[in-house]
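Computed from heavy atoms alone, side chains included, the values below leave out hydrogens, waters and symmetry copies.
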Protein chains: 2
Amino acid sequence: MNQGFGNGRELRPTTKVLPEHARGHNRSLVMQTLYREGQLSRADIARETGLTRVTISDLVADLIGENLVIEIGQREDARPGKPATLLDLNRDAFQIIGIDLSEYARFRGALLDLDGKILERAELPLAGSTGDAAQQKVVALVELLIDKATRPILGIGVGSPGVVDLAGVVLTAPNLGWTNRSLQQELAERFGIAVIVINDANAAVLAEHSFGGATSDMMLVKVGHGVGSGLLLAGIPLFGSRFAAGEIGHVVVGTDGGLACVCGKVGCLETWLATPRLDAALALARTAEQKEQILWAAGERLGIALAPVVGALDLSEIVLSGPTELLDGTLARATIETIRARSMPEFHGNLVLRMTTLGEDIVLRGAAVMVLSGQLGVS
Amino acid sequence: MNQGFGNGRELRPTTKVLPEHARGHNRSLVMQTLYREGQLSRADIARETGLTRVTISDLVADLIGENLVIEIGQREDARPGKPATLLDLNRDAFQIIGIDLSEYARFRGALLDLDGKILERAELPLAGSTGDAAQQKVVALVELLIDKATRPILGIGVGSPGVVDLAGVVLTAPNLGWTNRSLQQELAERFGIAVIVINDANAAVLAEHSFGGATSDMMLVKVGHGVGSGLLLAGIPLFGSRFAAGEIGHVVVGTDGGLACVCGKVGCLETWLATPRLDAALALARTAEQKEQILWAAGERLGIALAPVVGALDLSEIVLSGPTELLDGTLARATIETIRARSMPEFHGNLVLRMTTLGEDIVLRGAAVMVLSGQLGVS
DNA sequence: ATAGTTTGTTCGTAAGCTTTACTAACAAAC
DNA sequence: GTTTGTTAGTAAAGCTTACGAACAAACTAT
């Protein structure tokens, strides 16, 4: 419904702004305040936002009229003055569908509430489908979840692998055999509901930021069948000049060779880190010590690749998403130590590297964040 | 006077927006349109911006009242209808002072007009000054330039080496012996004029974007006594979580050792690329071929460091600033070829790497851009 | 009981943009 | 020379948005 103006530091104003846009922004600000802090009175919101009680009352009346906000009842505590009428988002009024297309063998989906909690799940084996067949599976998965919904659907969020533009067109997704596929538009026409399609790693970043407590200058590295990443800089997701930001899987790491990659180069990050390669290498290892060496080497390579990025972007946090048994431990330790050894300790000494707290649902939940943000201006 | 709302894609609205902010934005939009396209009528601006002729007339009346915009005269061409009254920014009403503190041996400054053209220059040898003495030289340089001004000064822009926060406090600048120095505040109090202090590489990025025709997803690498960089992502300058974005000089490059660096590490980018190191290496070379090899190796190292950054950020352009005789040619060629060889050609095949077109004045002019942007909402 | 505090609403106002309608000034065609 | 049609800029009225002042309701504290 609204995107907000933000406090962007763009140099050049580029589009007109009308008073009604300002109101839309303030509307989102009210929703945002309620979303994060829960039950508040109109006067509370006024104090929080800096708008007057009068204006807040007016905005809240609109939102109540649209059934987005409800009155909970009176505040119980004993204070002087007229008791406050508590408000909250009508958290039970809508549900969200989140879809994760990033796994190799299956599509996963879930029905979520407005707080991002997963209410129902569904999945479909991909069974090698590509092209239109793969898209049909997405449609079928959405239908499964719509059937499970007990409230109106606020929107459908889809995290897709590959390169996705801002209009939700999947420009390229090799594993699914998709090129220039208008997934957002086609799903929206099919279901008549708001649909948002975004790259899987970018979805993961948003989930980690909203639900995982991540900072505003963060990189999320997603290790699976391939290696990708998403970036949040000054609280803004980065998409890149050709919507390909975060594609680090086929960057060559180090100056001492490595294994041949499917892309034709030698020593790409994926040859060290992608789970099929890592599993294969570990399977050949005889001793625990050898396994540790393999994991350490993989983490070291990731650190070598990330050190220049950390330096250039002055990141405060790096989050890993993927198989915990591979990533958490030696590999993560090697990564952070390598980054520290190769960058400036006075700036990046307190860089944090950690596993995601959201597990396998990270993309699902990130897709839901996009819906919340796009439909309610909230996240 | 105004920052504009921008079209930021921040997820969370954070501050209230009033109608008067919307007007400030639209005001900047008018100024911006005039700044870029020169002589336009009110009706032209209305068509360009999407606002109505009435609103534009109102805004223009304000701006004329403040002497920021002037009527030039009537449009000459023969068309049906009432002839248009042409407007323009009052480009001759103000002048700007730009200061560059990034050179090793001297402070440079200039008096510029609103188009960023340099009208007068001044410089002071640094002569090893640090701390308060260095700041006194900045003050003296500004005084020299104020004396040369023939118009009111719109503002003073300063590009400083080191880490500079958003309030214009130089957190650390080793070469100048500065820590937590409130340069912006102190200069503003001293001169009673708007002052903006920004990191030198960030200033350079803004200059290249405004005057050098650079794209909106660009990195500028500044090679001198040290190596630094500035980033523009989706048209927004990146400052970083601790205002240290772009500090790539002490990132270790490659996995095959290198020379010892003053910072204690081995193989930092600066050990390959900083001009003192490069000059020293070239002085030892006997043949032209050896010199080429040295330049190639330096460019290759830069490419190795930048490849992960290019991949992660999906940059469209890299601009080099520094001694042309060192950078332009073999070194630049080695850099771009190395980046291409180490990243994905389908995304970064048309990445452009070039020298800046602004020469040694790049920081000066970038500082002026900050003043234009901060004071007029224009750049 | 009385005084003070807090909440939320009503009323009137200021600012900002739009729509509508107008005048001024011109070119083209007769 | 007159008519027609177009473009520029302005004036008036109206809508939206937010604000401040004032107030009633409802509570606590004394």
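Dashed line: the shortest gap from a side-chain N or O of B:Ser41 to OP1 or OP2 of D:dG9 is under 4.0 Å. Within the 4.0 Å cut-off from OP1 or OP2 of D:dT17, not a single side-chain nitrogen or oxygen of A:Asn26 is found. Close to D:dA18, at under 4.0 Å from its OP1 or OP2, lies no side-chain N or O of A:Thr52.
When all heavy atoms of A:Asp314 and A:Asp217 are compared, the pair lying nearest together is O-CB, 4.4 Å.
Listed nucleotides: D:dG9, D:dA18, C:dA25. Nearest to the side chain of B:Leu18: D:dA18. When distances run from any side-chain atom of A:Val54 to the nucleotides C:dT9, D:dA8, C:dT18, the shortest one goes to C:dT9. Comparing D:dG9, D:dC27, C:dC17 against the side chain of B:Thr85 picks out D:dG9 as the nearest. Picking from D:dG9, C:dC11, C:dT18 the nucleotide with the shortest atom distance to the side chain of B:Ser57 gives D:dG9. Here the side chain of A:Ala84 is nearest to one of D:dG9, D:dT17, C:dT7, namely C:dT7. With distances taken from any side-chain atom of A:Pro19 to the nucleotides C:dC26, D:dT17, D:dA26, the minimum falls on D:dT17.
As the counterpart of D:dT30, C:dA1 is assigned, both hydrogen-bonding distances of the Watson-Crick or G-U wobble pattern falling under 3.5 Å.
Backbone-only contact: A:Arg47 has heavy atoms under 4.0 Å from sugar-phosphate atoms and none from a base. Counting any heavy atom pair closer than 4.0 Å across all strands shown, A:Arg53 reaches a base atom.
The CG atom of B:Leu86 sits 12 Å away from the C1' atom of D:dA8 (whole-angstrom rounding). Atoms CZ (B:Arg23) and C1' (C:dA14) sit 13 Å apart, rounded to a whole Å. At whole-Å resolution of the value, CG in B:Leu59 and P in C:dG16 are 9 Å apart. In this structure, B:Gln74 atom CD and D:dG9 atom C1' are separated by 12 Å, rounded to whole Å. Put simply, CD on B:Glu71 is 10 Å from C1' on D:dG9, counting in whole angstrom units. With rounding to whole Å, A:Arg75 atom CZ is found 19 Å from C:dT5 atom P. Atom C1' of nucleotide D:dC19 and atom CG of A:Leu51 are separated by 10 Å, given to the nearest angstrom. Whole-Å rounding puts the B:Leu29 CG to C:dG16 P distance at 16 Å.
For B:Arg151 and B:Phe94, the positive end is not near the middle of the six-membered ring at less than 6.0 Å and at most 45° from its axis.
One finds a salt bridge joining B:Arg75 and B:Asp44 here, because a Lys/Arg side-chain nitrogen approaches an Asp/Glu carboxylate oxygen to under 4.0 Å.
Nearest-nucleotide positions on DNA chain D place B:Arg42 closer to the 5' end than the other of B:Arg42 and A:Ile56. Summary of the strand contacts: A:Asp58 and A:Lys16 both lie near DNA chain C, and taking for each the nucleotide with the nearest heavy atom, the more 5' one is attributed to A:Asp58.
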Determine whether A:Thr85 and A:Gln74 satisfy the following criterion, side chain to side chain donor-acceptor pair (under 3.5 Å), listing intermediate values before the conclusion.
CA-CA 5 Å; A:Thr85 309; A:Gln74 293 204 335; 4.8 Å; no
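Side-chain contact annotation: A:Glu317 with A:Thr215, donor-acceptor N/O pair under 3.5 Å present. When only modelled atom types and interatomic distance are considered, B:Glu48 and B:Thr33 share no side-chain donor-acceptor pair under 3.5 Å.
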